[in-house]
Protein chains: 2
Amino acid sequence: MRQIKHPTIDQVELTDIMYALADPTRLEIVTLLAKAGRKMTCGEIDLNRPKSSMSHHFKILRSAGLVETLIEGTEHMNSLRLEEIEQKYPGVLNAVLKATAKS
Amino acid sequence: MRQIKHPTIDQVELTDIMYALADPTRLEIVTLLAKAGRKMTCGEIDLNRPKSSMSHHFKILRSAGLVETLIEGTEHMNSLRLEEIEQKYPGVLNAVLKATAKS
DNA sequence: TCTATAGTTCTATTATATTCGAACAATGAT
DNA sequence: ATCATTGTTCGAATATAATAGAACTATAGA
């Protein structure tokens with residue numbers, strides 16, 4: 001079962017995270033993952049956009065180090081890399097999530 | 001003395017802030033302003049780029065609500081809108097500044 | 001093996017951003 | 001008035017990103 005490659009946390013730049021979160025669709029994906037607090041498939045995160053568009057956004061979230069995707073069968077299980085990011089950039093992601101949680 | 005218009009804090013979207021901070025040049029401007037903790041002219045913030053490029057980045061920082069620019073004579077005095085942004089998005093900007101302060 | 005499912009990758013189109021020289025505007029000083 | 005200073009705006013080139021249909025890959029199940 002071939003898995004997707006992710007950046008190690010030390011490869012993650014702050015500007016990568018900012019860039020990934022600058023898109024409303026991606027911010028919503030991240031918010032939904034945080035609210036759920038569990039792994040979710042791409043299909044579960046339905047924002048009324050074509051698969052290819054969603055896949056594009058997931059790819060950017062992964063390359064920014066925000067999301068980890070594990071392949072399980074035909075499904076891709078996505079989760080936030082919250083702890084790792086908090087370790088490297090304390091408070092950043094949590095503050096963003098606190099802000100999006102209100103709306 | 002005609003002043004530049006800025007968005008009110010309630011007009012500032014989180015994605016605007018993320019977008020503005022996603023550019024390394026702009027993140028550096030914001031970091032320098034925070035470190036200085038005072039108003040700075042555009043000229044003081046010398047990142048070895050042409051005036052027009054710097055002006056462009058300041059414009060985006062202003063439109064994102066991150067920077068306030070007051071015209072004083074021929075100089076444009078820039079400052080971070082830290083308190084306002086902290087009020088609306090608690091922890092976000094401070095966490096980013098804490099991250100950039102280390103490097 | 002055939003089929004369905006989940007998601008990626010390819011490709012093209014369109015939209016946005018970045019960069020920076022040159023021209024411009026506003027102020028202050030001589 | 002003229003000139004220097006500070007920064008903006010314009011314009012055009014180049015680069016990067018978003019969008020989405022179509023083809024493709026990998027796995028699971030019948």
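The sequence lines fix the lettering, A, B, ..., with proteins before strands; numbering per chain opens at 1. These figures come from a predicted structure and were not determined experimentally.
With DNA chain D read from its 5' end, the first of the two nearest nucleotides for A:D23 and A:S52 is the one closest to A:D23.
The CD-C1' distance, from B:E75 to C:dA25, rounds to 16 Å in whole Å. The nearest whole Å value for the distance from the NZ atom in B:K51 to the C1' atom in C:dT19 is 16 Å. Rounded to whole Å, atom C1' of C:dG7 lies 9 Å from atom CD1 of A:I71. Separating the NZ atom of B:K5 from the P atom of D:dT8 is a distance of 17 Å, rounded to the nearest angstrom. Rounded to whole angstrom, the span from the CG atom of B:L70 across to the C1' atom of D:dT6 amounts to 15 Å. Rounded to a whole Å, the CD atom of A:E72 is 13 Å from the P atom of D:dT27. Separating the CZ atom of B:R49 from the C1' atom of D:dT8 is a distance of 19 Å, rounded to the nearest angstrom. For the pair A:M54 CE and D:dG21 P, the computed distance is 14 Å after rounding to whole Å.
A:T31 and A:E28 are not linked by any side-chain donor-acceptor pair at a separation below 3.5 angstrom, with hydrogens and angles left out of the test. Under the 3.5 Å distance criterion, with hydrogens and angles disregarded, no donor-acceptor pair is assigned to the side chains of A:E68 and A:N78. In the model, B:H57 has a side-chain atom that pairs as donor or acceptor with a side-chain atom of B:R26 under 3.5 Å.
Between B:K39 and B:E75 there is no salt bridge, since no side-chain N of the basic residue sits under 4.0 Å from a carboxylate O of the acidic one. Ion pairing between a basic and an acidic side chain is recognised when a charged N comes within 4.0 Å of a carboxylate O; B:R38 and B:E44 show such pairing.
Phosphate proximity of C:dT19 to B:S53: absent, as no side-chain N or O sits under 4.0 Å from OP1 or OP2. Between A:Y19 and D:dA18 there is a side-chain polar atom (N or O) within less than 4.0 angstrom of OP1 or OP2. Put simply, A:R26 has a side-chain N or O that comes within less than 4.0 Å of OP1 or OP2 on D:dA18.
Against DNA chain C, the stretch residues 56-64 of chain A makes heavy-atom approaches under 4.0 Å through A:K59, A:R62. DNA chain C lies under 4.0 Å from at least one heavy atom of each of the following residues of residues 41-48 of chain A: A:T41, A:C42, A:G43.
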